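Per chain, numbering begins at 1; letters A, B, ... match sequence-line order. In this text the structure is predicted, and so the values were computed from the model without any measurement.
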Amino acid sequence: MRGVTRRFGRFAALDDVSFDVRPGEIVALLGPNGAGKTTASRIIAGILAPTSGEALVDGVSVREQPTRVRARCGFVTDTPSLYERMPLRDYLAFFGRLYDVRSPVARAAELAEQLGLTAVVRQKLGTFSRGMRQKVAIARALVHDPPVLLLDEPASALDPEMAQTLRSFIVSLRARERSILLTTHDLDEAQRISDRVVVLYKGRVLRTGATSEIRATGRPTFVVSFTGDTSRARDALRGTGVTPEPASGENGYSALRFATDDPAATNAAVLRALIGAGVDVVTLTAEERSLEDAYLQIVRGATT
Amino acid sequence: MKWALIAWREIRWEVFFDRSSLLRTGIFVVIPLLFVITNRGLGPGPGGDLRIVALAIQSVLFPALSGVALIASTFVAEKENGTLVPLLAAPIRDRDIVLGKLVGMLVPVMAACCFTLAAAYVLAGYRYGFERVTRVLTPELVYAFIVLALLFVITAGSVTMIVAARVRSSRAAQQIAGLIIALSAALFLGLGFAATQIGQGWALVAVGIGLVVFDAAALEVAQRVWQRGEVLARV
């Protein structure tokens, strides 16, 4: 996407948004409700025209050739949205025909096998469980083997086991050089499988970068675990100029968390201060930040 | 020809596999036939002939009314269930989606119209005499009634599509469309009936031309309100 703006009346759902997804890459599109994630997905899928700017899918312009763009995209919506009365095989074959697949019935059978749905291929979709329905939605998006896959909350409302299976399947698609844009609120899922992250807020890109880079956003934090009086440890830490916060200690030890811009100097001072105060330090470890922490910090930074 | 795929899916899975839609259509088929069977006091002369014409118009237009509920539920249900989005994401033109859905409604409804008219013709023949029915309901008139029904279904379908695009629930769409269609059905019935009585059917041709013009305009509006951007802004 290059400088894409999409307006609905006076409201700008997207405002000058730019980012890209390369082949063999999973990019997570994150943001609070109303950030413009779904609008961005729909523009890339060729089902919504941008008001201004340009989006190219596999080199094809969504503005000039939306039908060709749609033929290159597989789109999984946040709800499976299936025709309840149709059996699985007829449903997939119907979409296969819409996408000009050569042998739609054979392709339907192939996809059902890939997703473990062969046993229910003749069953009506209305009888399927939530997880099975989500699998069918994914099969529908893959029916024409598209180079670009747009997944809008694909694992929402799935049980952990089913979500894990789905994640493995998405990762297997990356190995086949598919470009995957994953729109999600599940930051744990995004952290596990995405290569890069785009954070949208009120229609604008707040931050974009590799998932590891995004997770490293902000000041490094450390957790010190110890035995002894917590208030004394807290006073000792304050004496070094850091602000201690309670942390959950393991194996019955007490723990405090602090952030610093200069770990080399601060951590040594912290250790000296704690030992000097008679606190028995057990461990001092760098805290690995989750994508969720980084995301919340980025979004809070935008709201303040 | 992707509109044909959509139409075939509608007919096969949304009409013939939907018991409520079959039941609704069945009721609209049976009612005019009951009118033919139970009609008493059909005297000889022009008055009685006029009543045979009225029964024939009823027989062809009643089943057409079932198409209104059918198209209202089809379009709004797609919006409500979110099934429209995967369809819009497929490489199909907006025009094909609208045409496919309209044809998917037209074919079964027109089949019901033709069946009811044929059944009413035969029943009226047994009840009032084939010679009289054949004299009153000439092939040209029967053909004109079928064309009138077709044009009416297109009008009803277009108006319902426009209404369906603006409302959020299928119940609301059916209620509003039902009101509009009931009024237009009364108007069409009156027009068709009056037209048969004036100028040896030329007025019927005029009604037909008027309907074609109205249908073309209504279809154009319906197609505009069901364009991707418009629909997605409301989904």
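By the 6.0 Å contact criterion, OH on B:Tyr126 is open, its count of non-hydrogen atoms from other residues, nucleotides or ligands being 12 or less. Counting heavy-atom neighbours within 6.0 Å of A:Glu54 CD, excluding the residue itself, gives a total above 12.
Remark: B:Arg9 qualifies as a cation-pi partner of A:Phe94 under the 6.0 Å distance and 45° angle criteria applied to the six-membered ring.
Between A:Asp90 and B:Arg12 there is a side-chain heavy-atom pair separated by less than 4.5 Å.
Across all non-hydrogen atoms, the minimal contact from A:Arg70 to B:Ile92 is NH2-O, 3.1 Å. When all heavy atoms of B:Trp13 and A:Arg85 are compared, the closest pair comes out as O-CD, 3.2 Å. Taking both residues in full, the closest heavy atoms of A:Tyr99 and B:Ala90 are given as OH-CA, 3.3 Å, listed atom of the first, atom of the second, then distance. Contact between B:Lys2 and A:Leu98 at its shortest, heavy atoms only, is NZ-O, 2.8 Å. Residues B:Leu88 and A:Ile47 approach most closely at O-CG2, 2.9 Å, considering heavy atoms. Of all heavy-atom pairs spanning B:Pro86 and A:Ser81, the tightest one is CG-O, 4.0 Å.
Atoms CG and OG1, from B:Asp96 and A:Thr67 in turn, are 9.5 Å apart once rounded to the nearest 0.5 Å.
The contact between B:Asp18 and chain A is made by backbone and side chain atoms together, counting heavy-atom distances below 4.5 Å. Contact annotation for B:Glu14: both backbone and side-chain heavy atoms come within less than 4.5 Å of a heavy atom of chain A.
Chosen from A:Arg140, A:Lys124, A:Arg68, the residue pairing most often with chain B at heavy-atom distances under 4.5 Å is A:Arg140.
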